[in-house]
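One structure is given below, encoded as structure tokens.
We name chains A, B, ... by the order of the sequence lines, and we start the count at 1 in each one.
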There are 2 protein chains.
Amino acid sequence: MDQENFRYEELARFIAALVDRGTLVPGTRAPSLRSISRDRKVSMATALQAYRLLEDRGVLQARPQSGFYVASRPPARKPPTTSRPPARATAVSVPAVVVKLLEHASDPNLVPLGCAIPDTNLLDAGRLDRLLARTARERGGVYNIYTGPQGDLRLRREIARRATRWGQALSPDDLVITVGCTEALVLALRAVTRPGDTVAIESPTYFGLLHALKALDLKALELPTDASEGIDLDPLQAALSQNRIAACLFASSFNNPLGCTMPDTKKLAVLDLLARHHVPLIEDDIYGDIYFGDERPRPFMALDRHGVTMYCSSFSKTVAPGYRIGWIAAGRHLPRVLDAKAALTLCGSVLPQAAFGEFLASGGYDSHLRRVRRVFAANIERMTRAIDRSFPAGTRVSCPAGGFVLWLELPQPVNTGVLFQAALDHGICFAPGEVFSASGRYANCLRISCGHSWDPWIERGVTRLGALAAEALMSNR
Amino acid sequence: MDQENFRYEELARFIAALVDRGTLVPGTRAPSLRSISRDRKVSMATALQAYRLLEDRGVLQARPQSGFYVASRPPARKPPTTSRPPARATAVSVPAVVVKLLEHASDPNLVPLGCAIPDTNLLDAGRLDRLLARTARERGGVYNIYTGPQGDLRLRREIARRATRWGQALSPDDLVITVGCTEALVLALRAVTRPGDTVAIESPTYFGLLHALKALDLKALELPTDASEGIDLDPLQAALSQNRIAACLFASSFNNPLGCTMPDTKKLAVLDLLARHHVPLIEDDIYGDIYFGDERPRPFMALDRHGVTMYCSSFSKTVAPGYRIGWIAAGRHLPRVLDAKAALTLCGSVLPQAAFGEFLASGGYDSHLRRVRRVFAANIERMTRAIDRSFPAGTRVSCPAGGFVLWLELPQPVNTGVLFQAALDHGICFAPGEVFSASGRYANCLRISCGHSWDPWIERGVTRLGALAAEALMSNR
């Protein structure tokens, strides 16, 4: 049974729709639990569960001894503007603040809005850990070997099996297990580029990707990217005609940090365009399983009739960042990927792979994913409302349909690099915009991670951050 | 207590010395157990244990109902000749046979003389596996995070502590945990070279290292290398004067495949030379703990007054190939190594690191190492005798003082690439010489791994391989 269809969630959607349509007016009393449970034919307990959910999401407010009220509606936020990076390849610079960001990533004293790492408690990987314990105890000797560079066969088989869900026919032989998605992207880049080559990317994009481009001596061509539908096609076409592009590297869905996802028709157009120019596409699907809608968006590879795609993903955002298990389906570039894997890390830690194969085979990962998706969706909603309440007027906020990060575009003049330091002084970590550009853009933007369990400390943190942003804006004017 | 000093080993050394000096003559009866236990003041059981050890090593032979006899002495083998590669940098070619070798590495149906991977049974990592199980069960949640790129602090602390044994003062902050020694070498190379640069290496050298050079677009300058004392100084000096060498990459001890180790005086001369030319030295100490003598040879870093050394090692050869835990002490290049680590793999699997830290802290690794060293020393001795008995006259064999591989130089004309295929057809895997050269040398050489528990199957395998080599030699003449 799909837990998305729980009755209380149905009821919550019904009430939220009434609020959105203006039937229920902010500041007025919501229907009583008694009346709504009678009208909608649900138990009082279900009605209460629905109202608590809406309270969590900021749609309703509970007032002591007085029941539930419709919360005041914040001013409607606009989405971030489409980026306009320069249409030329640049050497990648990784700003020094990235190091600071990574240093502070795991500081438990800071409000964790910085790195896009899910909360350990929220992931609840206990079953996986117990499987690792059992595998180590019972079969440690068997696995104290180097695997071939492809990695554990059982795990590859389970990953291939999962790919059939989005219509992709993969065999275990098509896959290479990697050290997280990071190594998958590095191997893909290594397979199809040479030092000095240019790679076309979304802008803004994940700083780890920029870091990898720099480490491999590659140039970046940043493409204008819409906060909702991803890169614009015309600039891509122009870039392909005017430059020697060795590869494109795009997110499959819910790009980090914008949260954009190309519709299938656009993905198909991109694939046709790249096939025509004989340019391979490396796709990063690390957030693909964290969708809030009814269906998982299809990655490029599942739509690709030309065989230009190299698919990269990992389990780091959904269950096990600490296991560092990623993978790549490299298509026709498999031999070069294998060669690079053997040369750079030979093979990965074997027992975690074996345990992960067991974890996937034994079921339960899908119900885990459903739970995680619900939590992240609720976090994104609550965080958006908190931002709406506390950030200066004119702040634009992304509205992702998956993942767990938000992208904010602040009114000018503000420098989020300076704000980053001020926030640290107030015990708050976030990711300043400049780290998401190869060419020092986005100084008025920032990314907020919603990967932690929601609590008053997080809420106070983002409220304080909004106030700091407003102060910065005032003092700069 | 140092188990090297067990009384039966003392007695075995005493008897072996009598054989070596000719006091006990091959083919004659060894002193009876009764007489030797009386003369040397040991129990009959100890005397029997010593004789069994000498029998294992091929020094004595037991004859039914007749007691122990001194084994026939094989013809004295000469060591391999010093290599004479061309004194110029070459693009690295990795022969296709490497892929075949890796494919066959873990085929349980082949006599495992190919890859230098220790036998799982011989390593007996059960205690480590149990610690991993406990850590996963009890603290899985705590470790389901990304570590910083340096890796687990506890593990780094334990590794730093161990380095004091060979006089090296390291702090945990000096170390970066890597995916085996392979990634350590890649990070070191990435830190001090640019694509197209030249790296000076020993010749022959480990094919994985050649593979890494190729993947990083580096050229190799192969240096003449003596089978006993490592690279020759004069050609190194000439190379440094005549070429732009970006780095040198040498084994600290027991080079794979030659088994050579530079004496300390030579290491000091190398360090002085490199410091004078401002060339960093990357050292690979993966075999350093597997020494057969009384003392661990000192790595370059422990002798380095100039700070030119980057030290790489791992636990893959001594206890846990499957855990893929290596490390690097990069000295002044640490920031660049950390940058490369973050870009290429971000961080490694966390639970195996945590368990390994616990394993080192809880003691027992040293007694494990003593046991492993004894086994490998005995394997090398038995394998050498088996080679002496079965390979064609004129075969030269290395005589390493550590590690677990032997290098054989066969009389011309023979092609070990062809022999490799013939041996596979007979169910035997070994490593043909060409894979140890960047420039296709050593077609008359081969490497034999002694990493497996000795048994009749291994002995028959090497005997058959010797016969195949003799046949190849005959048919080529």
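When each of Ala320(A), Gly126(A), Gly140(A), Pro321(A) is checked for heavy-atom pairs under 4.5 Å with chain B, Pro321(A) comes out on top. Comparing Val94(B), Leu102(B), Leu351(B) by heavy-atom pairs within less than 4.5 Å of chain A, the highest count is held by Leu351(B). For the options Leu185(B), Asn144(B), Val350(B), heavy-atom pairs under 4.5 Å to chain A are most numerous at Asn144(B). When each of Ala212(B), Pro195(B), Ala136(B) is scored by its heavy-atom pairs under 4.5 Å with chain A, the top score falls to Ala136(B). With chain B as the partner, the residue from Ala125(A), Pro118(A), Cys115(A), Gly348(A) showing the most heavy-atom pairs under 4.5 Å is Gly348(A). Of all the listed residues (Gly208(B), Pro352(B), Gly180(B), Pro149(B)), the one sharing the greatest number of non-hydrogen pairs under 4.5 Å with chain A is Pro352(B). In terms of heavy-atom pairs under 4.5 angstrom with chain A, the leader among Ser316(B), Cys347(B), Ala184(B) is Cys347(B).
Remark: Asp217(B) engages Arg190(A) in a salt bridge, criterion side-chain N to carboxylate O under 4.0 Å. No salt bridge links Arg332(A) with Asp174(A); every basic N to acidic carboxylate O contact stays at or beyond 4.0 Å.
In this structure, the separation between OG1 on Thr182(B) and NZ on Lys341(A) is 10.0 Å, given to the nearest 0.5 Å. The CG atom of Leu132(A) sits 11.5 Å away from the CD atom of Gln353(A) when rounded to the nearest 0.5 Å.
Residue contact with chain B, scored on non-hydrogen atoms closer than 4.5 Å, is absent for Ala355(A). At a 4.5 Å heavy-atom cutoff, the contact between Val319(B) and chain A is made by backbone atoms alone. Neither the backbone nor the side chain of Asp119(A) comes within less than 4.5 Å of any heavy atom in chain B. Residue Ile145(B) touches chain A through both its backbone and its side chain, counting heavy-atom pairs closer than 4.5 Å. Heavy-atom distances place both the backbone and the side chain of Ala342(B) under 4.5 Å from chain A. For Val186(B), the part sitting under 4.5 Å from any heavy atom of chain A is the side chain, from C-beta outward, and nothing else. There is no contact between Ala340(A) and chain B, counting heavy-atom distances below 4.5 Å. Within the 4.5 angstrom heavy-atom criterion, only side-chain atoms of Leu123(B), from C-beta onward, approach chain A. Heavy atoms of Arg194(A) lying under 4.5 Å from chain B belong exclusively to its side chain. Within the 4.5 angstrom heavy-atom criterion, no atom of Asp124(B) approaches chain A. For a residue to count as touching a neighbouring chain, one of its non-hydrogen atoms must lie under 4.5 Å from one of that chain's; by this rule Cys181(B) does not touch chain A. Contact of Tyr143(A) with chain B is made through the backbone alone, with heavy-atom distances under 4.5 Å.
Remark: the Tyr365(A) side chain and the Thr318(A) side chain contain an N/O donor-acceptor pair separated by less than 3.5 Å. Judged purely by distance below 3.5 Å, without hydrogens or angles, the side chains of Ser349(A) and Arg324(A) never pair a donor atom with an acceptor atom. Between the side chains of Glu183(B) and Thr345(B), at least one donor-acceptor pair of N or O atoms lies under 3.5 Å.
The local environment of CZ in Arg336(B) is sparse, with at most 12 non-hydrogen atoms from other residues, nucleotides or ligands closer than 6.0 Å. Atom CZ of Arg139(A) has 12 or fewer heavy atoms from other residues, nucleotides or ligands within 6.0 Å.
Residue Phe315(B) is tested with Tyr287(B), Phe359(B), Trp327(B) for a ring pair (Phe, Tyr, Trp, His ring centres under 6.0 Å); the sole match is Trp327(B).
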Determine, step by step, whether Asn121(B) and His452(B) satisfy the side-chain hydrogen bond (donor to acceptor under 3.5 Å, both in side chains) criterion, reporting the C-alpha distance in whole Å, the side-chain angles of both residues, the deciding distance to 0.1 Å, and the verdict.
CA-CA 8 Å; Asn121(B) 298 327; His452(B) 268 250; over 6 Å; no

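At a threshold of 4.5 Å between non-hydrogen side-chain atoms, the residues Ile282(A) and Cys312(A) count as touching.
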